[in-house]
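Scroll down for the structure; my scribbles are underneath it.
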Amino acid sequence: MTVLAARLAAPAPGWTTRADAVVVGSGVAGLTAALELRTRVRKVALVTKGPLSSGSTPWAQGGIAAALAPEDSPAAHLADTLAAGAGLCDPRAVEVLVTEGPERVRELVDRGARFDLADDGAVALTREGGHHADRIVHAGGDATGAEVSRALVAQIEAVRADPGIEVIEHGLVIDVLTAAPGPDGAPGPACGVTLHVIGEGTRDGVGAVLAPAVVLATGGIGQVFRSSTNPAVATGDGIAAALRAGARVGDMEFVQFHPTVLWLGEGVRGQLTLVSEAVRGEGAVLLDTEGERFMPEVHPLAELAPRDVVAQAIVARARETGSDHVWLDARHLGDDFLRGRFPTIHERLLEHGIDLTTDLVPVAPAQHYHSGGVVTDLDGRSSLEGLYAVGEVACTGVHGANRLASNSLLEGLVFGHRAAHAVAGRVTAGELEAREPVERPGPAGLVAAAARSRIQHLASAGPGPVRDAAGLSAAAVGLAGVPTDAHESPRILAEPQAAEWETTNVHQVATVLTAAALAREESRGGHLRTDFPAPSEQWRHRIEHHLDPAGALVRTDVPLPTHREPAR
C-alpha cells in the first residue's frame, strides 16, 4: 500500500493576508483567471513562484488553436481534438473548448496581444500535427507564448496598485489549507494556501493567504523527469498540493513526450530546446539516420500525425537503425522563410552550432506536457469544495490520452475564464465562505533535495516514453524507498526549505504517475506499454487517485461521458 504525507513539513505561517480568492500561478490560465476575478470580487490575490512573466507560457512556440477561418468550424476542431485524445476525452469539455475558444482569442487581442498577420491584414493561421485545417494563431513567428504572457502581464501591471488585487511574486506555495474535516475524516473545504516568499520577495519566511476559493494554475510536471522542455519551476507543485488536500487527480499516466526536441546526447539534463511542431506544419520532414523519410508509412498525416504517434514512430525507427535520434530536415523551406517564421528557434539552435537553414537537426522525444492533473468539472471545480484548477495542472477531460497541438494555451484561456466567473458567482452568492484552517493529521513529509536526481532517474526509466511492467514496478519500489521524512536516524537529511518542498512534490507526483501507468495495461495516446502494445476497450475509462484520511493512495476507475452538452 502506498502512503503519502498529507502535508509538507514547514514552519507555522508568520504572516497572513486575506482575499476572496487566491490564484496560484502566472501562466496564461492564472493571469486570465486573476484578471477576470479582479472586477468581480472585492479582492483577489495572485501568487506566482517567480516573477509574473515566469512559468511555461512564455516558452510556448507554436500558437493557439481556434476555429477562426471561414472554412473552419468548432465541429472540425472538436473532431481533431477527440481523435488526438484516443477515446479518453470528455466530449463535453472539448465542446466548451472549441466553442468558446474563438471568443477568448479575440478577447486576448483586445487585451493587447499582437498576433502575426497575413497579407490581407487578417490574423495569419497555420497548421500543426493532428489538425485538418489551418487554425493556429501565432506571434513573432515562433514566440506566441511570450507574446501572450507579455500582453497579460501588462494588464496585471496596469492594475497592480488597485486595492482589489494583491500580487505576491517569488511565492512558492507549500500547501492548500483545509478547514475542519467532515464525519468521514476527509479534509474540509479549501480555505487558502501557505507559501514561502523566495529570495527577492518582499516578505520573508512562510505566510498564508486565506480565501474561500483557491484556483491552482501551477503548470506542469517536467522536473519529474531527467530531461524536459519545461522550465525549472515545473515541479508539479499544484498536483501534489491538491492531492495532499484530499482532491482527486486523474489521467496521470498520460505524459506527452514532444517528438522533436533537440538531441544533444544522453548526458544532457535540464530544460531542453524545443523545435516546434509548427516547423513540421510548414513542411519540414523527419529522416532516419540513414537519410530515409519514414512518417508517410506510419500515418496518413505523416509528420503531422498526433504527437504520440510521431514520438513513438521516432523511438521505433531510432531502435531499428541503432541510433538515439532522427533528423529534422527543414532546409528546403529556404533561408528567408525559416529566419522570418522561426526566429527564436533559429537563434536557439545557432547557440548549439546548428543552422536550421542549412543543417539537419538531431531530434528525439522528451517530456513536454502532462495531459492529467487535478480532476475538474467544466468550471474548473475540483472534488474538494473551494478548490479549482485551470491550465496544465488540471484534468478537464479536454486532452484525454494525448493533447492536440496548440490546445494548451486555448485551454488556459477558456477554463481560466470559466473558473473565474464560477468562483465570483459562488463567492457573491455566499456559497463559498471564509473558513479557518486546521492542521491535517499524520506525519508531515519532506524529501531531501539531494534525492531529486534519483527520483528523476526512476521516473525516466519507469513511466518514461516507453513503459513495461518490469520497469514500472522497479520504479514504484525505488520511489517507495526514498526517505520521505528527511530523517535518517540520527541524522537530519534536510530542513524545510524551497528545494526540499519542491523535491517532495516531485516525489509524490512521480509516485502517483507510476501507479497509474502500472495500472493501465494497454497502450493509448501518451501511454505506451510494450507488454500491452494495443488499446483495449476495457480500459476506456479514467483512472483517478486520491488520498484517504490515513494517507493511503486510493485508485478509482471512472467512466467517461459519451455525450456532449452545449457550451454555457
Side-chain angles (χ1 to χ4, degrees), residues 61-62 84 127-131 142 222 225-230 255-334 338 341-342 344-346 348-369 402-403 405 460-461 464-467 523 525-528 530 533:
Q61 296 174 346
R127 189 174 305 197
E128 292 183 359
H131 293 272
D142 56 359
F225 296 88
R226 286 185 298 175
S227 58
S228 170
T229 64
N230 290 188
V255 180
Q256 187 175 88
F257 294 86
H258 198 287
T260 51
V261 177
L262 180 64
W263 175 256
L264 294 174
E266 182 65 39
V268 175
R269 298 289 184 270
Q271 185 178 11
L272 302 182
T273 299
L274 175 69
V275 184
S276 170
E277 186 125 355
V279 179
R280 284 175 283 130
E282 296 290 0
V285 298
L286 292 168
L287 308 175
D288 63 25
T289 51
E290 297 174 357
E292 296 294 324
R293 189 180 177 195
F294 56 92
M295 281 307 301
E297 65 194 52
V298 174
H299 193 277
L301 291 176
E303 280 80 7
L304 293 182
R307 289 179 176 177
D308 62 309
V309 175
V310 180
Q312 291 165 17
I314 289 174
V315 170
R317 183 53 65 101
R319 284 181 173 177
E320 291 173 11
T321 57
S323 181
D324 46 20
H325 69 278
V326 298
W327 300 109
L328 181 71
D329 186 4
R331 297 172 297 179
H332 57 285
L333 299 178
L338 289 172
R341 177 68 175 85
F342 303 110
T344 306
I345 295 173
H346 184 260
R348 288 179 184 161
L349 291 177
L350 283 178
E351 293 172 3
H352 298 283
I354 299 169
D355 189 334
L356 183 64
T357 68
T358 59
D359 298 330
L360 294 173
V361 181
V363 294
Q367 192 281 336
H368 180 59
Y369 189 87
N402 184 45
R403 174 179 68 99
S460 299
V466 181
R467 306 163 176 176
S523 291
H527 174 67
L528 173 61
T530 57

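Bear in mind that the values here come from a model prediction, so they are computed numbers and not experimental data.
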Heavy-atom closest pair, residues Leu333 and Glu282: CD2-O, 3.4 Å
Trp263/Val326 under side-chain contact (heavy atoms from CB on, under 4.5 Å): CA gap, chis, key distance, verdict: CA-CA 9 Å; Trp263 175 256; Val326 298; over 6 Å; no
Side chains of Asp329 and Leu286 in contact at under 4.5 Å (non-hydrogen atoms): no
Rounded distance (nearest 0.5 Å) linking atom CD of Glu292 with atom CG of Leu287: 8.5 Å
Verdict with supporting geometry, His352 and Leu349, side-chain contact (heavy atoms from CB on, under 4.5 Å): CA-CA 5 Å; His352 298 283; Leu349 291 177; 5.6 Å; no
Flag side-chain contact, heavy atom, 4.5 Å: Val255 against Phe225: yes
Approximate separation, where rounding is to 0.5 Å, of Gln367 CD and Leu272 CG: 10.0 Å
Any donor-acceptor pair under 3.5 Å from Gln312 side chain to Gly525 backbone: yes
Close side-chain approach of Ser323 to Asp288, heavy-atom, < 4.5 Å: no
Worked check of side-chain contact (heavy atoms from CB on, under 4.5 Å) between Thr260 and Val279: CA-CA 10 Å; Thr260 51; Val279 179; over 6 Å; no
Pairwise distance CD1(Ile354) to CG(Leu264) - rounded to 0.5 angstrom: 6.0 Å
Partner residues of Arg319 under the salt bridge (Lys or Arg N to Asp or Glu O under 4.0 Å) criterion, sequence neighbours left out: none
Least distance between heavy atoms, Ala278 atom then Arg341 atom: CB-NH2, 3.7 Å
Asp355 side chain to Thr357 backbone, donor-acceptor under 3.5 Å: yes
Arg317 and Thr289, any side-chain heavy atoms less than 4.5 Å apart: no
Charged N-O contact under 4.0 Å between Glu351 and Arg348: no
Smallest separation among heavy atoms of Ala284 and His332, with atom names: CA-CE1, 4.1 Å
Heavy-atom closest pair, residues Val310 and Glu303: CG2-O, 3.9 Å
Euclidean distance, His131 NE2 relative to Leu304 CG, rounded to 0.5 Å: 9.5 Å
Polar side chain donor-acceptor pair, Asp308 to Gln256, under 3.5 angstrom: no
Sidechain-backbone polar pair: Ser227 side chain, Ala366 backbone, donor-acceptor under 3.5 Å: no
Over all atoms of both residues, closest heavy-atom pair of Asn402 and Arg307: ND2-N, 3.8 Å
For Leu338 against Leu356, the heavy-atom pair lying closest together: CD1-O, 3.7 Å
CG on Asp359 to CZ on Arg331, rounded to 0.5 Å: 8.0 Å
Nearest-0.5 Å distance that lies between atom OG1 in Thr229 and atom CG in Leu262: 12.5 Å
